[in-house]
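Here's the structure we're looking at; comments come further down.
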Protein chains: 2
Amino acid sequence: MKPGDRKPTINDVARLAGVSIKTVSRVINKEPNVRDEVRERVLRATTQLGYRPNFSARSLAGQRSYLVGYLFGDAGGDYAHRVEVGILDRCRAAGYHLLVEQIDAAAPDVAERTAALVTQLRLDGVVLTPPITDHADVLRVLREAGVPYVRIAPDRHDDVSPFVEIDDEAAAYELTTHLIGLGHRRIGFIKGDPGHAAARLRYDGFCRALREHGLELQPAFIGQGDFSYASGLAAARGLLLGGQRPSAVFAGNDDMAAAAIAVAHEAGLRVPAELSVVGFDDAPIAGVVWPPLTTVRQPIAQMAETATELLLTRADPKRGGEAGETPPRHRLAYEICLRRSTAPPA
Amino acid sequence: MKPGDRKPTINDVARLAGVSIKTVSRVINKEPNVRDEVRERVLRATTQLGYRPNFSARSLAGQRSYLVGYLFGDAGGDYAHRVEVGILDRCRAAGYHLLVEQIDAAAPDVAERTAALVTQLRLDGVVLTPPITDHADVLRVLREAGVPYVRIAPDRHDDVSPFVEIDDEAAAYELTTHLIGLGHRRIGFIKGDPGHAAARLRYDGFCRALREHGLELQPAFIGQGDFSYASGLAAARGLLLGGQRPSAVFAGNDDMAAAAIAVAHEAGLRVPAELSVVGFDDAPIAGVVWPPLTTVRQPIAQMAETATELLLTRADPKRGGEAGETPPRHRLAYEICLRRSTAPPA
DNA sequence: CTGAAAGCGCTTACAG
DNA sequence: CTGAAAGCGCTTACAG
């Protein structure tokens with residue numbers, strides 16, 4: 001197509017193929033009831049003209065915009081990006097495009113902005129990640145607007161929408177049990193942002209492991225963070241620089257675990273000889289600190305792909321599920337990554 | 001808006017305000033030539049009905065889609081995400097939305113996919129980052145389609161489009177000079193991905209600093225990486241585990257610098273006492289390794305904001321520049337971040 | 001299996 | 001300063 005050429009429309013294709021625009025539409029949308037011979041003629045005309053259907057026209061006339069939305073909050077950049085790549089993979093395969101929006105969960109106009117987004121752009125579906133995934137106003141707006149949505153790692157399971165998650169509690173339980181198996185008896189924990197369900201679930205799993213192995217929870221060994229590296233630094237100092245200190249620390253995510261390792265370095269504690277540290281997420285930082293972190297790998301991209309798949313299944317009227325159905329709930333497998341930040345206590 | 005309610009259209013607003021839809025259109029688009037009294041009446045009707053203009057209809061009828069595209073390649077997740085957040089900030093302020101697409105620069109259908117994207121969605125503008133920012137086919141397609149685009153950190157400066165960058169060469173020169181000022185004479189360098197302009201420019205600045213200070217470039221101290229942590233590991237081993245080793249290493253980015261620190265740890269070299277390490281980017285990893293990295297801070301979000309601003313200025317026919325103008329070129333300030341990974345040689 | 005007509009919700013170009 | 005008409009490029013609902 002040279003500059004200045006008008007973009008070919010469905011009318012041009014119809015004329016060239018000697019059929020009506022409705023027939024072209026049928027071929028483009030892979031609808032039935034077109035003779036093979038006609039279909040091929042239309043396809044040929046399409047190729048010859050370099051025809052590409054206009055999304056605005058499609059969206060205005062029809063039921064679908066071929067647009068998926070991704071609403072993300074202030075979660076880590078790495079997490080948000082991996083989710084995005086996962087969504088993009090599925091969108092590309094299905095001929096959809098991705099519209100992204102950053103939403104400040106604490107802003108007063110969240111609901112208004114969400115409403116504007118879905119009514120103005122007629123999104124066919126929306127993918128939600130923490131903390132937006134549990135934002136009641138956002139969920140209500142989407143429900144009322146009739147826009148299908150899928151939640152990744154939600155806290156509340158009583159919503160009508162499908163969701164994708166891993167079992168944070170079980171993973172934390174398993175990782176804690178690993179520490180106990182190594183011989184650790186004084187184990188500390190750095191909690192994550194209370195606004196994220198995962199923070200609570202991971203702590204729950206930790207507590208259950210201690211309880212089931214007859215170990216006591218020592219309040220002095222429990223620190224409060226918010227998933228950030230800086231908060232991990234502060235919390236780790238509280239746990240490690242006191243008189244009594246734990247022989248192992250479980251941090252609610254890898255950033256805080258990396259901070260705990262840094263504090264250990266500062267304090268002259270050798271990791272893992274004098275202090276074992278574990279994290280959660282298998283973020284990039286996990287493989288890059290010294291020593292590399294024992295952690296739990298979340299299949300983030302796969303969760304996003306699964307979520308998008310669920311969404312497109314519902315968004316497509318032809319593939320769509322019944323309104324009354326139980327929403328599909330997907331729990332994906334996590335993986336414990338044993339690396340060099342853990343060892344038996346001295 | 002309760003479920004089941006039909007979304008209000010421009011017709012509903014016109015009827016309620018007692019004017020024609022053209023007048024409503026004028027008010028919505030802030031066009032002149034509407035009496036204040038009428039404008040207020042329309043605005044009131046808009047609010048009362050909760051009217052929000054339909055983007056598909058706007059795009060189909062008019063010149064603009066209110067959609068900006070962001071095409072990114074396989075650059076680091078953190079970089080891509082920070083760019084995205086910067087773009088989103090400006091889009092939000094201007095009433096635009098962001099459509100993202102991941103493009104594999106090496107794929108054979110890059111041009112075709114780009115063409116499909118811009119002709120089907122009528123993007124008002126596109127932001128490009130490395131390595132796509134220098135992809136000749138992509139640039140050609142955008143130019144031919146008449147879609148304005150802005151390039152972030154481009155290699156080739158002979159394109160007609162505006163761009164935003166920092167002076168990588170000068171920054172690398174400055175940082176190298178800092179090492180020399182500390183007393184280092186044997187300084188190694190780990191090169192980044194040759195496909196990225198920044199890799200070459202940073203190396204150029206390094207070489208110029210050595211030359212201007214009468215130091216010799218020692219081939220044994222030059223390693224080849226690709227910006228990844230793993231490549232930095234391999235390159236650093238080559239530099240540090242040989243017989244002669246440098247007293248300082250300049251890595252082409254922070255990931256590779258972090259890898260160099262890890263190799264130093266492995267080899268029992270104290271950083272910075274026995275080895276100084278510097279990186280580039282001020283990525284999250286820079287503040288999180290031990291010791292924290294001396295590096296160059298790129299104002300990534302600000303670059304993205306500037307790029308988006310340039311784009312929206314050109315995309316808007318009312319604000320737009322002339323076709324023959326020299327494209328605006330923006331060079332933003334970088335910042336040298338001195339941290340604890342550098343010290344005078346032993 | 002195929003097509004003619006209407007319409008989606010706006011903006012454009014023009015008339016007054 | 002305001003509006004009536006046409007049209008953007010498709011899909012829907014229906015007729016044959």
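- Note on A:P32: nothing from the nucleic acid sits closer than 4.0 angstrom, heavy atoms only.
- When each of B:R26 and B:G62 is assigned the nucleotide of DNA chain C bearing its nearest heavy atom, the one mapping closer to the 5' terminus is B:G62.
- Between B:M303 and B:F163, every side-chain heavy-atom pair lies at or beyond the 4.5 Å cut-off.
- Closest approach of A:P299 to A:L332, counting heavy atoms only: CG-CB, 4.1 Å.
- The closest side-chain donor-acceptor pair between B:Y66 and B:R122, if any, does not fall under 3.5 angstrom.
- With hydrogens and angles left out, the side-chain atoms of B:E165 and B:H330 include no donor and acceptor closer than 3.5 Å.
- In this structure, A:L312 and A:A94 approach most closely via the heavy-atom pair CD1-CB, 3.5 Å.
- You'll find the side chain of B:L88 stays beyond 4.5 Å of the side chain of B:Y70, heavy atoms only.
- The line from CZ of B:R44 to CG of B:L49 is 12.5 Å long, rounded to the nearest 0.5 Å.
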Could you write out DNA chain C as dot-bracket? Rules: Watson-Crick or G-U wobble, both distances under 3.5 Å, brackets [ ] for crossings, | for pairs with another strand, dot for unpaired.
|||.||||||||.|||
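- Side-chain contact between B:F72 and B:E101 is absent, with no heavy-atom pair separated by less than 4.5 Å.
- Where B:A57 and B:N33 each meet DNA chain D at their nearest nucleotide, the meeting point lying more 5' is that of B:N33.
- Residues from residues 10-23 of chain A with heavy atoms under 4.0 angstrom of DNA chain C, sorted by number: A:V19, A:S20, A:K22, A:T23.
- The distance from atom CD of B:Q102 to atom CZ of B:R113, rounded to the nearest 0.5 Å, is 8.5 Å.
- Chain B approaches DNA chain D within less than 4.0 angstrom (heavy atoms of the protein), and the contacting nucleotides run 5' to 3' from D:dC1 to D:dG9.
- Residues A:S56 and B:S59 have side chains that bring a donor and an acceptor to within less than 3.5 angstrom of each other.
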